[in-house]
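A short write-up of the structure that comes next.
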Amino acid sequence: MSAFHKILRETKHYKTEVDPLLLGESDVEVSFVGRSNVGKSSLINALCQKKNMARASQVPGKTRTINVYEVVRRRWIVDLPGYGYAVGLKTEKDKLGKIIEDYLHARKNLAMVFVIVDAVAGPTQLDHLMLNWLQHYNLPFSIVVGKIDKIKIPKLDERKRQVAEELSLNVNDLLWVSSEKNIGIAGFQKVIAQLLQI
Ligand code: GTP
Ligand code: MG
């Protein structure tokens with residue numbers, strides 16, 4: 001096992017916060033966004049080889065907090081609330097959620113925002129809104145397509161092409177993963193290790 005695998009396994013829950021302005025400072029952090037239930041917390045668990053560190057939600061959209069996981073001191077993986085399940089009347093500008101937007105505006109040492117997209121649903125309108133928003137504010141982002149185990153193997157290449165095309169990207173510009181079947185996780189760990197410089 002290489003050094004960064006071991007280090008990722010030492011990741012611990014560090015804090016839960018509702019106000020992004022109270023998070024304190026990191027030296028470097030990467031964060032996970034995506035629609036509710038897309039598998040953000042499961043992916044963080046898979047990356048850190050944990051069963052239940054990041055709580056996989058029972059009820060979608062219930063996570064209204066920012067959860068910080070510390071890989072090593074001041075190097076963080078941040079799990080953000082999911083978007084798309086918000087209740088009540090929402091204006092266009094509120095759709096992604098104030099917590100998410102405030103967080104993204106506030107962080108000085110944000111090395112990457114991973115936008116998680118569902119392999120079956122493909123990029124939703126809100127995913128496109130999120131991506132446009134990140135581009136507009138010039139924030140670093142990468143797109144990760146999750147739950148690829150739900151696509152049957154013979155259909156997978158075709159599905160990859162479709163999803164990439166919907167995002168106007170090449171298949172190789174995206175990360176393709178399954179937390180459940182541990183597909184693509186090793187490659188994703190390497191990306192995170194490089195960003196967090198572990
Ligand atoms: P919120 O916190 O509500 O935003 O959800 P989340 O994005 O953190 O999703 P979570 O990790 O809680 O997973 C949601 C559901 O998807 C759970 O029932 C998981 O078991 C399931 N799930 C997560 N990853 C995968 C995967 O790779 N494959 C399959 N088939 N199911 C998955
Ligand atoms: Mg979650």
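All values reported here derive from a predicted model rather than from experimental measurement. We count ligands from 1, going down the list as the structure has it; atoms in each ligand are counted the same way.
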Next item on the list: Look at S36 and state whether any of its N, O or S atoms is less than 2.8 Å from the Mg ion (ligand 2).
Entry: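 Given the 2.8 Å cut-off, S36 does not count as a ligand of the Mg ion (ligand 2).
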
Checklist line | Nearest-option assignment for atom 8 (O) of ligand 1, heavy atoms, candidates G39, S41, G82 | finding: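 Answer by nearest heavy atom: S41.
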
Next item on the list: Could you name the option among S36, A54, A46, G34 that has the heavy atom nearest to atom 3 (O) of ligand 1?
Entry: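 When every heavy atom of S36, A54, A46, G34 is considered, S36 comes closest to atom 3 (O) of ligand 1.
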
Taking the side chain as every heavy atom from C-beta outward, state whether [X] and [Y] have any atom pair closer than 4.5 Å.
X	Y	result
K50	Y69	no
Y103	L23	yes
W176	L156	no

Next item on the list: Check if G146 has a non-hydrogen atom at a distance under 4.0 Å from any atom of ligand 1.
Entry: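 The answer is no, since G146 has no heavy atom less than 4.0 Å from ligand 1.
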
Check: Can E158 and R161 be counted as an ion pair, charged N to O under 4.0 angstrom?
Finding: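 Looking at R161 together with E158, the answer is yes, because their closest N to O distance falls below 4.0 Å.
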
Item checked: Close-contact set for ligand 1 against D149 heavy atoms, below 4.0 Å ->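 Selected atoms, number and element: 26 (C), 27 (O), 28 (N), 29 (C), 30 (N).
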
Margin query: Distance under 4.0 Å to a non-hydrogen atom of E180: what atoms of ligand 1 satisfy this?
Written below: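 Going through ligand 1 atom by atom, the ones under 4.0 Å from E180 are 26 (C), 27 (O), 28 (N), 29 (C), 30 (N), 31 (N), 32 (C).
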
Check: Any nitrogen or oxygen of S42, main chain or side chain, under 3.5 Å from a nitrogen or oxygen of ligand 1?
Finding: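 Checking ligand 1 against S42, an N or O pair does fall under 3.5 Å apart.
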
Notebook entry, point to check: Taking distance alone, with no angle check, do P81 and ligand 1 share an N/O pair under 3.5 Å?
Noted result: no

Next item on the list: Examine the proximity of ligand 1 to N37 and report which part, side chain or backbone, both or neither, has a heavy atom under 4.0 Å away.
Entry: both

Next item on the list: Under 4.0 Å, heavy atoms only, figure out whether ligand 1 is touched by the backbone of K150, its side chain, both or neither.
Entry: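 The answer is the side chain of K150.
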
Margin query: Assess, by modelled atom type and distance only, whether the side chains of T124 and D127 contain a donor and an acceptor separated by less than 3.5 Å.
Written below: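 Looking only at side-chain atoms, D127 and T124 do form a donor-acceptor pair, the distance falling under 3.5 Å.
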
Next item on the list: Could you pull out the closest heavy-atom pair between R159 and A121, with the gap in Å?
Entry: NH2-C, 3.8 Å

Item checked: Greater than 12 external heavy atoms within 6.0 Å of L21's CG -> yes

